[in-house]
Amino acid sequence: MDLLPDAEQEQIADSVAAFLRAQAPAARLLERDRPHASAERGLWPRYAALGWFGMGLAEDLGGVGYGPAEEALLYREIGRTLASPNILAARLAAEVAGRTGQPDVGQSLLAGDITAAVANPTGRCRLGPRCSGRFQVLDADPDGRVVAWNDDGVAVLQLNQFKIVRSIPSLDAGVSLAVGELEDATPSAWISAQEAPLPAFAMVMVAAMACGVAEAAAASALDYVKFRQQFGRPIGSFQAIKHHCANMALANEAAWAQTVMATLSLDDDTATRNFETAAAKFVSTEAANLCAALNVQLHGGLGYAAECDAHLYVKRARLLEQLGGARRAHRDKLMSFPMTA
Amino acid sequence: MDHQFTEDDRRFRQDVRAWLADNAPTEPRPDDGPAIRAFDLAWQKRQYAGGWAGVSWPSEYGGRGLSLIRQMIWFEECGRRGTPPLGSLSVALNHAGPTLIMLGTEAQKAFHLPRILRGEDVWCQGFSEPGAGSDLAGLRTRGVIDGDHLLVSGQKIWTSHAHLARFQELLVRTDPDAPRHAGLTWIICDMTAPGVTVRPIRTMVGSHHYCEVFYDNVRIPLTHVVGEVNGGWSVAMATLSFERGPGLITSQMALARQVADLIALAGGLPDPMGEGTMLQDDAVRGRLAQLNAEVAALRSMTRMAVSRGLRQAAPGAETSLPALYYAELAQRVQQAAIEVLGPAILEREGWSEAWTHEYLRAFMDTIAGGASEIRRNIIAERLLGLPR
């Protein structure tokens, strides 16, 4: 029992963080009035070269052979600089393709030759050998794959299988949004949750991204209140400000600790896995929303301005909250804490 | 990163579970008066006889000397079994004992440590005063050296279990001219000594938990000083640092069980406003799901703290995090219970009394052992580096 990363895991997290800080800092999104999927796609070959898409995949699937623990550290850093959630889509698609007898597709996804996009259901949907429902596709790429998941499993599709794909202005300008519907479409690959607990995996990696968002927003707020002077002293010396900062630290400790437990529980029995991952999604998105909002508040007038990056975290936090379903979608999994049984 | 326990640790957990199944008290813990002391000491004696006393104490002082992970397992299993809280023994086992082990004289250790482990003495903590609560260093109870004794006069307050205690860890001002933190002394006070008057204070729960303690020229031998005369502040800080160990786990597990009980209760209670049960109400269901996510997160925070403890010599300011989270979550659980119970919360008898009692009791959680506001200051200043 040791929830802290070992030396090798720390090294992985550090190298991911260093790359993203240099190549894709959150502030890059400030230059955009509207989302530019192509700008994010420019980073795709770099991610592939670093082995991110296949980090947790077994070597026989063309992966690096690490596990969910290393991936949780990766997605936490991805969240921190608001890098694309589609990295997760590519990773899921590569595993689904590899496991369903399409090793070439899997290889192309891992190599970054094909992109993948998240298709998030906007309501009830049916996923399986036939797929139906309405979805929001992030940074849709006509040549790439589209990945949809719910509690039943993960489906890989093509954009042209969606009826009437319509671009819609996106709350989170870091991703473009297209809405499309599936009517009894046959996915190019499908894996049920019984075959592989990929929906739970996806949920916990979204939670890890939310932890990254929360920690980055809290760090930004903390830097600012140490720097900003009013009444002749840093505003971080005032108790009202301190307590906001303590609340952020508290929420983030809960979020990351639970996300680690959920990550490690992916190998446990179904009830435990479902409970722990739903709890992680819950507390991590709470933390992300709290820290993002407090970061705006603590930046004052500046925090409300488009030129300040504070609003980016607010919007990404809300995007991650919706991915795979928000709190109401998963609360039935939370009705029994296996530890008390 | 690994959440599994070793084969040896799993076997240890089975041993603990089996022993608790045979030995944990099944009768309810009394709520008031000297019966509390009798109950708590009897349970401690039984643990001592079974070789389970002082799980966190080093074996050279008669403790079980368990590793941090096994302490955690012990407390988790106590929580799962629903064993009684440390209650009136928490100061002896979590504060006074560890403080003596670290800073006591050989004579102090030889006398007190076995008595604590064997379940012979209740201890209390004489720190807070009417004028010195969160601002502990402002305390004014005087200790004047008179030959080989200290002559103590003044008043302490909010002293948990003072009316049941035989000994007290007492912090007094021995040098009024020194800077605030420099003139204090930590001394062991015998509560039966002449000049000590204890007046229990009724709490909002209705029972007696804490007391006022008055000292009128109480003579305490200087051999009872722990650490140096005028060196009491650092001793007191050491004492308080022991408070945040894995001992909190038992209360955390009790909280997790309360949420489970509440969910079961809501599943059986008809919704007075609708057709189904309270658990089918959208708002209630969402609230209970949230509480379960939070008790799980609290469990994870504690395991994270233990993971840090495996690598650090001394606990850092991070230990304030699970303590604060627990205190506020406990109150959220009680507030949810009120929503589920409805008007039954007003009736202090029968099945609902335990919930009413817990609702009232939990007000203490964000005050005792450091108010939440002070804990937040500690997190902000010591963990986040914000200016004082």
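Proteins get letters first, then strands, A, B, ... in listed order; numbering begins at 1 in each. Note that these values count all heavy atoms, side chains included, but never hydrogens, waters or copies made by symmetry.
For Asp267(A), the CG atom counts as loosely surrounded, since its 6.0 Å shell holds 12 or fewer non-hydrogen atoms of other residues, nucleotides or ligands. Atom CZ of Arg361(B) has more than 12 neighbouring heavy atoms from other residues, nucleotides or ligands inside a 6.0 Å radius. Atom OH of Tyr359(B) is surrounded by 12 or fewer heavy atoms from other residues, nucleotides or ligands within 6.0 Å. Heavy-atom neighbours of Gln312(B) CD from other residues, nucleotides or ligands within 6.0 Å: above the threshold of 12. Within a 6.0 Å sphere centred on CZ of Arg29(B), heavy atoms belonging to other residues, nucleotides or ligands number more than 12. Heavy atoms of other residues, nucleotides or ligands lying less than 6.0 angstrom from CD of Gln229(A) number more than 12.
Residues Leu3(A) and Met1(B) are not in side-chain contact: their nearest non-hydrogen atoms beyond the backbone lie 4.5 Å or more apart. By the 4.5 Å heavy-atom criterion applied to side chains, Val260(A) and Met304(B) are counted as neighbours. Contact of the Leu250(A) side chain with the Met301(B) side chain is registered, since non-hydrogen atoms from C-beta on lie closer than 4.5 Å.
For a residue to count as touching a neighbouring chain, one of its non-hydrogen atoms must lie under 4.5 Å from one of that chain's; by this rule Phe238(A) does not touch chain B. For chain A, the nearby part of Leu279(B) is the side chain; its heavy atoms alone come within less than 4.5 Å. Heavy atoms closer than 4.5 Å to chain B are found in the side chain of Gln9(A), but not in its backbone. With a threshold of 4.5 angstrom between heavy atoms, Glu373(B) approaches chain A through its backbone and through its side chain. Interface residue Ala260(B): only side-chain heavy atoms are found under 4.5 Å from chain A. Interface remark: Glu381(B) contributes side-chain atoms only to the contact with chain A (heavy atom separation under 4.5 Å). Interface remark: Arg331(A) contributes backbone and side-chain atoms alike to the contact with chain B (heavy atom separation under 4.5 Å). Of the atoms belonging to Leu321(B), heavy atoms from both backbone and side chain fall under 4.5 Å from chain A. Using a 4.5 Å cut-off between heavy atoms, Glu276(A) touches chain B through its side chain atoms alone. With a 4.5 Å cut-off on non-hydrogen atoms, Val295(B) touches chain A through its backbone and its side chain both. Both the backbone and the side chain of Asp282(B) come within contact range of chain A, judged by heavy atoms closer than 4.5 Å. Interface remark: Arg308(B) contributes backbone and side-chain atoms alike to the contact with chain A (heavy atom separation under 4.5 Å).
The two residues Ser300(B) and Gln258(A) come nearest to each other via the heavy atoms OG-OE1, 2.6 Å. Summarising the geometry of Gly236(A) relative to Leu386(B), their closest heavy-atom pair is O-CB, 3.6 Å, with the distance given to 0.1 Å. Across all non-hydrogen atoms, the minimal contact from Leu288(B) to Met335(A) is CB-CE, 4.2 Å. In terms of heavy atoms, Asp268(A) sits closest to Gln4(B) at OD1-NE2, 3.8 Å. Residue Met339(A) comes nearest to Arg80(B) through the heavy atom pair O-NH1, 2.8 Å, listed as atom of the first residue, atom of the second, then distance. When every heavy atom of Met261(A) is checked against every heavy atom of His3(B), the shortest pair comes out as SD-CB, 4.0 Å.
No other option in Glu318(B), Arg299(B), Glu294(B) has as many heavy-atom pairs under 4.5 Å with chain A as Arg299(B). For the options Gly267(B), Ala289(B), Pro322(B), heavy-atom pairs under 4.5 Å to chain A are most numerous at Ala289(B). Counting heavy-atom pairs under 4.5 Å between each of Ala256(B), Ser307(B), Ala380(B) and chain A puts Ser307(B) at the top. The choice from Leu73(A), Thr263(A), Leu222(A) that makes the most heavy-atom pairs within less than 4.5 Å of chain B is Leu222(A). Interface summary for chain A: among Ile379(B), Asp9(B), Ile69(B), Asp2(B), the most heavy-atom pairs under 4.5 angstrom belong to Asp2(B). Of the residues considered (Arg257(B), Arg388(B), Arg311(B)), Arg311(B) shows the highest number of contacts with chain A, using heavy-atom pairs under 4.5 Å. Heavy-atom pairs under 4.5 Å with chain B peak, among Cys245(A), Ala279(A), Ala254(A), Ala251(A), at Ala254(A).
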- Task: Please assess Gln239(A) against Arg376(B) for the test side chain to side chain donor-acceptor pair (under 3.5 Å), listing each intermediate value before the final yes or no.
- Result: CA-CA 9 Å; Gln239(A) 211 167 46; Arg376(B) 283 192 164 79; over 6 Å; no
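Using a cutoff of 4.0 Å between basic side-chain nitrogens and carboxylate oxygens, Arg303(B) and Asp2(A) are not scored as salt-bridged.
Within the model, atoms CG of Leu384(B) and CE of Met248(A) stand 8.0 Å from one another, a figure rounded to the nearest 0.5 Å. In this structure, Leu383(B) CG and Glu253(A) CD are separated by 8.0 Å, a value rounded to the nearest 0.5 Å. Rounding to the nearest 0.5 Å places CZ of Arg285(B) at 11.0 Å from CZ of Arg328(A).
Lys242(A) places a side-chain N or O within 3.5 Å of a backbone atom of Pro387(B) that can act as its donor or acceptor partner. Of the possible donor and acceptor atoms, one in the side chain of Asn292(B) sits under 3.5 Å from a partner among the backbone N and O of Leu334(A).
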